[in-house]
Structures are given as C-alpha cells and as structure tokens.
S.K.: 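Before I ask anything, here is the structure I am working with.
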Amino acid sequence: MRTLIKQVLASKEPRDGLVVQGWVRTRRDAKGFSFLELNDGSCLANLQVIVDAATPGAADLPRLTTGASVSVGGALVPSPASGQKWEMRASQLELVGAADASYPLQKKGHSMEFLRTIAHLRPRSNLFGAVFRTRSRLAYAVHQFFQERDFVYVHTPIITASDCEGAGEMFRVTALKGNIDEQPQTDFFGRRAYLTVSGQLEAETFACALSNVYTFGPTFRAENSNTARHAAEFWMIEPEMAFCDLDGDMALGEEFIKAMARFALEQCSEDMALFAKFVDRGITERLRFVIERPFQRVPYTEAIAILEQCGRRFEFPVAYGQNLQSEHERFLTEEHCKSPVTVYNYPREIKPFYMRLNEDGKTVTAMDVLVPGIGEVIGGSQREERLDALEENLRHHKLDPKDYWWYLDLRRYGSVPHAGFGLGFERLLMFLTGVSNIRDVVPFARTPGSAEF
RNA sequence: UCCAGAGUAGCUCAAUGGUAGAGCAGCCGGCUGUUAACCGGCGGGUUACAGGUUCGAGCCCUGUCUCUGGAGCCA
C-alpha cells in the first residue's frame, strides 16, 4: 500500500513497512550504497532514500537516473545527517520506468522559457509542482469562500449565443462545413454560437432568483493579445449579488482578495516559501500588507486628478473620458497608493451597456481593482436594474434590445438592484505567487499561435 | 496587431567580417553519510529557416518563423 511522501515526511515517529513511489530527482553514489532523492508531487520536499548495494533490486541502481520512476519499500528512520529530519532505508527497490540521458529536466535550474517548451514535463520541476499545487488549493479556497457565505455555485454555459459586450472577441462554435456564415440557421443550434467570454448575463438571472451566486469556470477570448497577463482560455470567478449596490460589490472584492492572500500564506506555506526564495523575494510582505490594510477607493475623477497633479510625465496623456492606461494604473497602485486600489464611477462612454447609470447622468457604477505588479485583477459593476434606462443604454451602444429579451425580462419582473464582478483566476494566482507570466500558472496555456499540448 | 530586443552544443551563455568556445548536464574512471556533492578524462554544432553582399558571414543586408520585454484589447 503506497504512502505519499507528504504523509511520510509529516510522520511523528519511525515507521516500518512503508512503500513510496515517485520519480528520481537525483542519485548520489557513496561507497557501498546510494542516496536517492525521491519526489512524488504530493509536496515540495523530496524523500531521501538510502539504498544499500545488497538491497533486492539494487542492481538497477545505475538506471535510476534523474526522471526515472521507482517503487521503494522500507523503513522511515531519523536521518543521521543534517538537511532532513527523516530518511528511508530501502529494503526493496523496483525500477518502474527508466528515463534515459535524453530526459530534458536536469538537476539544475532551468529558464521559464525553456520549461514552457516542455509543458508536459515541467510539473516535475520544483517550481511548477509548487505552482500547480497552489492552483489546486486556491481553487478549493475560492469555493470555500463563497460556500461559507451561502453563495450558490452556478454552472453557466460554455457555449453561448449571447455576447457579453465589451468582453472581447469570441471564438465561433460550429458544426457546419464550408462557409459557416451562409446559413447560420442550419447550424447545430439553429443560430450562430460562440465560446463564452463571460457568464455574467446568465449569472444575473440566477442572482435574481437565488440571491447570491457565483460562477467559476473556463472563459475564452479570441483577442490577439500577446502579453504576460492574457490567455485565450482562462478561468474566471464571477460573483453576482441581488439587493447589492456598488459599495457592497467593492467590499466583497476586497474581502475576497484578502481571504485568498491569507489562505495562500497559511495553507500553502511550503510552496509559498519557494516562491519567496526563487520567484519574488517580496511576496510574503506584499501579501501581509494586502491582508492588513484597507484597499484605497478612488473615484475615476479623483484618479484622473491624482495623475494630472503627480508631476509624472506619462507616455500617454491623462484625460477625463479616456481609459486609464497600464502606466497610469501601475502608478496608482504601485507608487501613489502602494496597495490595491479600487477605482470606481467611470464615464459611461468607456464602459459596457449593462452598468448602472449614476445620478450625474455621466458616470456608471463600474469598479476596477488594481493590484501592484499585475494591474487590473477585478472588473465589476452594479448592474442597470431600471428597464427604461437599460433599453436606452442598449440603443446608446447600438445593440438591439430584441437580442436581450430574456435579460430585459429580469427588469420587467421583480427587478432588484444587483452587482457583481469578474476576477481572472490566473491573474489572482500571479498576484499570490509572484509568477509574472500567465503561461506559467496555467497547466497548458492557450495563446495566439500556441496550443501544442 | 504595433514598437523594441533575442535566437550559437541537451541547458545557460561567449566568440573585431578571418580555424565555433566555456560552465553545467551526459558518458567513463576515482573519492566520499551524500544532499545544486567533489576530482580527473571523453564525446557533443546544418550558429532558427530561406535568400543576398563578400576572397571569406555566427557577425553585414532582405524576408519568414519562434521567443522575450513593452503597448493596445481585457480578467
């Protein structure tokens, strides 16, 4: 019966009759015996295994090279040498699968770029093992956060006919051959269909029935974006709350990010220590700071004023009515506030149709949470719940209200103020781990021109 | 998609237009309760691809591809 190395290393006393199975990280030969560093991915640390030359199976030792898979039976004993608390004395050794000299992962450090080219093997490296264990734990934390607060998890559709306008280009889904635009009514769904760019519109319908809901699933954007923080396929978290205004929305976003930072530090400490050592030396202090301090809340108008008066010369000019450029966002969060910043109440012209118009008639209840190093990590708003205002907004954006009949129905029947946001899971992971390229927090990244694995 | 930079051994990188090198990894040997082990030796190249200039191109020019950084779009 196999025991995971994580459990073996957590042992309180010596144990016998253990079986561990994993991959050889390195082998060091001594006189009459060998040291094996064994890793099975259950934790960052390796298990040091002592294999005496007389151990059954020891004849295979020369083939137990870096990358080979093995099964080892033996006893857990205190290690006489410093460097590890426990080690295993093998009583039986079996080579399961050899790895010859062409195995590309070496004992020494590799560049992130090189590891990306071997995405099928990089989870066997310390860094990517840590990244993907952390990703798994945080996915759990996301559900825990919402479930504890009585949010209902909604599986919004991945294939959709509706365009959540403003969210970017969509991938077409079709069963047609040849010209797919000639007779879209003959297509599988009887209309044009796409991969979802957001579950928001559907989530709103469930919030207007179950009160507090969230989605957590894959999202697709066909934008030709070539940056370290964009992927064509990513996972998005979208809470939606009925009877909630923009203040409540901003409060939830802040609470959520703080909870995730706390979870990472407390529940992923071994892997986080690796990130702090090799990826981002300041990550621990940065997350502590985020947890302890309130986020700065700055209306868009005030943000413009800060940027205009800061004395900094920006490559792109600061002007009311324009979107904040990356350099502006970075200045606000990294230099002016030195903490996450929530910018809210944007001009209506630069935001999508579903955001609620403020009393001033010029701004909408949009909010973006900006974090140091990443930029925008949350984009949200209070939704327009007034039927006439929403219809006018649709026309304002040159959209046909008929295409949004079911969305408008929510405003016809028992309409309520409601609000929500979208949060990129990968960007959250980047923020929490310090990993600076989104391709390195996705198991198999999909980006323009790249879907090899 | 735009701007900038890069592409040389398995990996990380050197090399005034004049014989393509080092460290690490690998292999062989030695030593050792070792731990990014150590010491000695050996093999390893269509210099991303396609053209061009030149007596001669890794180096200069043109095009293509890929990667990196920045920008736009956004989460």
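Letters A, B, ... are given to chains in the order of the sequence lines, protein chains preceding strands, and every chain is numbered from 1.
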S.K.: Is it the case that more than 12 heavy atoms not belonging to Arg281(A) sit under 6.0 Å from its CZ atom?
M.R.: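 It does not: Arg281(A) CZ has 12 such atoms or fewer within range.
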S.K.: Check the side chains of Tyr194(A) and Glu169(A) for a donor-acceptor pair under 3.5 angstrom, ignoring hydrogens and angles.
M.R.: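 Their side chains do not contain a donor-acceptor pair, so the 3.5 Å distance test is not met.
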S.K.: State whether the distance check finds a donor on one side and an acceptor on the other, under 3.5 Å, for side chain Glu113(A) versus base G7(B).
M.R.: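 There is none.
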S.K.: Of all the nucleotides listed (G10(B), C73(B), U32(B)), which has the minimum atom distance to the side chain of Ala30(A)?
M.R.: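 Within the option list, the nearest is U32(B).
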S.K.: Can you establish whether the number of heavy atoms outside Arg293(A) located under 6.0 Å from its atom CZ is more than 12?
M.R.: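 At most 12 heavy atoms, drawn from other residues, nucleotides or ligands, come within 6.0 Å of this atom.
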S.K.: What is the distance from CD of Gln322(A) to P of G72(B), rounded to the nearest Å?
M.R.: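 Spelled out: CD on Gln322(A) to P on G72(B) is 12 Å.
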S.K.: Please report, rounded to the nearest Å, how far the C1' atom of C3(B) is from the CD atom of Gln325(A).
M.R.: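 It works out to 15 Å between those atoms.
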S.K.: Let me know the distance between CD1 of Ile378(A) and P of C74(B), rounded to the nearest Å.
M.R.: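 Between P of C74(B) and CD1 of Ile378(A): 17 Å.
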S.K.: Just checking Arg25(A): base, sugar-phosphate only, or nothing, at a heavy-atom cut-off of under 4.0 Å?
M.R.: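 Arg25(A): no heavy atom of the nucleic acid under 4.0 Å.
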S.K.: Using a cut-off of 4.0 Å on non-hydrogen atoms, how would the nucleic acid contact of Phe425(A) be classed: base, sugar-phosphate, or nothing?
M.R.: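 No contact at all - Phe425(A) keeps every heavy atom at 4.0 Å or more from the nucleic acid.
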S.K.: Tell me whether Phe234(A) is stacked on the nucleobase of A75(B), counting only the six-membered base ring and applying the 5.5 Å and 30° thresholds.
M.R.: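 Yes.
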S.K.: When all nucleic acid strands are considered with a 4.0 Å heavy-atom cut-off, which category describes Gln106(A): base, sugar-phosphate, or nothing?
M.R.: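 Counting heavy atoms under 4.0 Å across all strands, the contact made by Gln106(A) includes a base.
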S.K.: Would you classify Ser79(A) as touching base, sugar-phosphate or nothing, given that sugar-phosphate means primed atoms plus P, OP1 and OP2, and contacts are heavy atoms under 4.0 Å?
M.R.: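 Base, at least one base heavy atom under 4.0 Å.
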S.K.: Do Ser225(A) side-chain and C73(B) base share a donor-acceptor contact under 3.5 Å?
M.R.: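 Side chain to base: pair found, below 3.5 Å.
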S.K.: Can you tell me how far P in C31(B) sits from the matching atom in A50(B), rounded to whole Å?
M.R.: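 Per the computed distance, 50 Å lies between those P atoms.
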S.K.: Taking the nucleotide of RNA chain B with the nearest heavy atom to each, does Thr26(A) or His110(A) sit closer to the 5' end?
M.R.: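 Closer to the 5' end of RNA chain B: His110(A).
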S.K.: Between Asn437(A) and G69(B), is there a contact of a side-chain N or O with OP1 or OP2 at under 4.0 Å?
M.R.: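 Yes, Asn437(A) has a side-chain N/O under 4.0 Å of OP1/OP2 on G69(B).
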S.K.: Record whether the side chain of Arg221(A) comes under 3.5 Å of the base of A75(B) through a donor-acceptor pair of N or O atoms.
M.R.: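 Answer yes: a donor N or O sits under 3.5 Å from an acceptor.
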S.K.: If you check the Phe114(A) side chain, which of G72(B), C11(B), G33(B) turns out closest?
M.R.: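 Closest of the options to the side chain of Phe114(A): C11(B).
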S.K.: Can you tell which of U32(B), C73(B), U35(B) lies closest to the side chain of Ala81(A)?
M.R.: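 Within the option list, the nearest is U35(B).
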S.K.: For atom OH of Tyr140(A), is the number of surrounding heavy atoms from other residues, nucleotides or ligands below 6.0 Å larger than 12?
M.R.: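 For Tyr140(A), atom OH is not crowded (no more than 12 foreign heavy atoms under 6.0 Å).
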S.K.: Picking from C67(B), U34(B), G72(B), which would you name as closest to the side chain of Gln84(A)?
M.R.: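 The closest nucleotide is U34(B).
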S.K.: Could you measure between the two C1' atoms, the one in U12(B) and the one in G51(B), and give it in whole Å?
M.R.: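 It works out to 31 Å between them.
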S.K.: Distance check, C1' atoms only: C38(B) and G33(B), in whole angstrom units.
M.R.: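 Going atom to atom, C1' in each nucleotide, I get 14 Å.
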S.K.: Given G10(B), is OP1 or OP2 found less than 4.0 Å from the side-chain N or O atoms of Ser102(A)?
M.R.: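 Answer is no, no contact under 4.0 Å.
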S.K.: Just how far, in rounded Å, is P of C74(B) from CE of Met367(A)?
M.R.: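 My rounded result for the distance is 17 Å.
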S.K.: So, under a plain 3.5 Å distance rule, would you say the side chain of Arg89(A) forms a donor-acceptor pair with the base of G33(B)?
M.R.: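 A donor-acceptor contact between them is present.
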S.K.: From the set G33(B), C11(B), C74(B), return the single nucleotide nearest to any side-chain atom of Asn323(A).
M.R.: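 Nearest to the side-chain atoms of Asn323(A), counting from C-beta on, is C74(B).
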S.K.: What is the separation between atom CZ on Arg330(A) and atom P on C74(B), rounded to the nearest whole Å?
M.R.: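 In whole Å, C74(B) P lies 18 Å from Arg330(A) CZ.
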S.K.: For G10(B) and U64(B), measure between their P atoms and round to the nearest Å.
M.R.: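 So the two P atoms sit 28 Å from each other.
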S.K.: The side chain of Ile50(A) is closest to which nucleotide in this list: G33(B), C74(B), A71(B)?
M.R.: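 Shortest atom-to-atom distance from the side chain points to G33(B).
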S.K.: Nearest to the Thr65(A) side chain among C73(B), U32(B), C27(B), which nucleotide is it?
M.R.: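 Ranking C73(B), U32(B), C27(B) by closest atom to the Thr65(A) side chain puts C27(B) first.
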S.K.: Heavy atoms only, 4.0 Å cut-off, all strands: where does Pro80(A) land among base, sugar-phosphate and nothing?
M.R.: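 Base, at least one base heavy atom under 4.0 Å.
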S.K.: Figure out the NE2/P separation between His230(A) and G70(B), and round it to whole Å.
M.R.: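 One finds 12 Å between P of G70(B) and NE2 of His230(A), rounded.
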S.K.: On a whole-Å scale, what distance lies between the C1' atoms belonging to C13(B) and U47(B)?
M.R.: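 Here C13(B) and U47(B) have their C1' atoms 13 Å from each other.
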S.K.: With RNA chain B as reference, determine whether Glu315(A) or Val377(A) sits nearer its 5' end, using the nearest nucleotide of each.
M.R.: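 The residue whose closest nucleotide sits nearer the 5' end is Glu315(A).
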S.K.: Is Lys107(A) close enough to A37(B) that one of its side-chain N or O atoms is under 4.0 Å from OP1 or OP2 there?
M.R.: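 Answer is yes, contact under 4.0 Å.
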S.K.: Quick check: do Tyr214(A) and Gln147(A) have side-chain heavy atoms less than 4.5 Å from each other?
M.R.: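 Yes, side chains in contact.
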S.K.: What interatomic distance, in whole Å, is found between P of C74(B) and the corresponding atom of A14(B)?
M.R.: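 Per the computed distance, 39 Å lies between those P atoms.
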S.K.: Can you tell which of G33(B), C11(B), G69(B) lies closest to the side chain of Gln48(A)?
M.R.: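 Output: G33(B).
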S.K.: What does Gly449(A) touch in the nucleic acid at a heavy-atom separation under 4.0 angstrom: a base, only the sugar-phosphate, or nothing?
M.R.: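 It contacts nothing in the nucleic acid.
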S.K.: Is the base of U1(B) touched by the side chain of Asn226(A) through a donor-acceptor pair closer than 3.5 angstrom?
M.R.: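 Such a pair is found, so the answer is yes.
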S.K.: Are Asp271(A) and Arg137(A) ion-paired here, with the side-chain N under 4.0 Å from a carboxylate O?
M.R.: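 Salt bridge absent between Asp271(A) and Arg137(A).
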S.K.: Pick the C1' atom in U66(B) and in A48(B), then give their distance to the nearest Å.
M.R.: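 8 Å, rounded to whole Å.
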S.K.: If you only use heavy atoms from C-beta on, which nucleotide in U12(B), G72(B), U35(B) is closest to the side chain of Ser326(A)?
M.R.: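 Of U12(B), G72(B), U35(B), G72(B) is nearest to the side chain of Ser326(A).
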S.K.: Between Glu255(A) and Arg149(A), does any side-chain N to carboxylate O distance fall below 4.0 Å?
M.R.: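 Arg149(A) and Glu255(A): salt-bridged.
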S.K.: Rounding to a whole Å, what distance do you find between Arg27(A):CZ and U32(B):P?
M.R.: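 Atom-to-atom, Arg27(A) to U32(B), this comes out as 17 Å.
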S.K.: Compare the minimum distances between each of C73(B), G33(B), U32(B) and the side chain of Asp29(A), then state the nucleotide with the smallest one.
M.R.: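 Per side-chain heavy atoms of Asp29(A), the pick is U32(B).
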S.K.: In whole Å, what is the span from the CD1 atom of Ile374(A) to the P atom of A75(B)?
M.R.: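 These atoms are roughly 15 Å apart.
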S.K.: Please work out if Thr117(A) contacts a base, only the sugar-phosphate, or nothing of the nucleic acid, heavy-atom cut-off 4.0 Å.
M.R.: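 No contact.
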S.K.: When you measure from the side-chain N and O atoms of Arg28(A) to the phosphate of A37(B), is any distance below 4.0 Å, counting only OP1 and OP2?
M.R.: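 Yes, within the criterion.
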S.K.: How is Glu233(A) classified with respect to the nucleic acid when contacts are heavy atoms under 4.0 Å: base, sugar-phosphate, or nothing?
M.R.: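 Counting heavy atoms under 4.0 Å across all strands, no contact is made by Glu233(A).
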S.K.: Take atom C1' in G63(B) and the same atom in U53(B), then report the distance between them in whole Å.
M.R.: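 The same atom, C1', in both gives a distance of 15 Å.
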S.K.: Any donor-acceptor pair under 3.5 Å linking the side-chain atoms of Ser71(A) with those of Glu94(A)?
M.R.: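 Ser71(A) and Glu94(A) do not have a side-chain donor-acceptor pair below 3.5 Å.
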S.K.: May I ask you to check whether Ser381(A) and Arg383(A) show a side-chain donor-acceptor distance below 3.5 Å?
M.R.: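 Yes, side-chain donor-acceptor contact under 3.5 Å.
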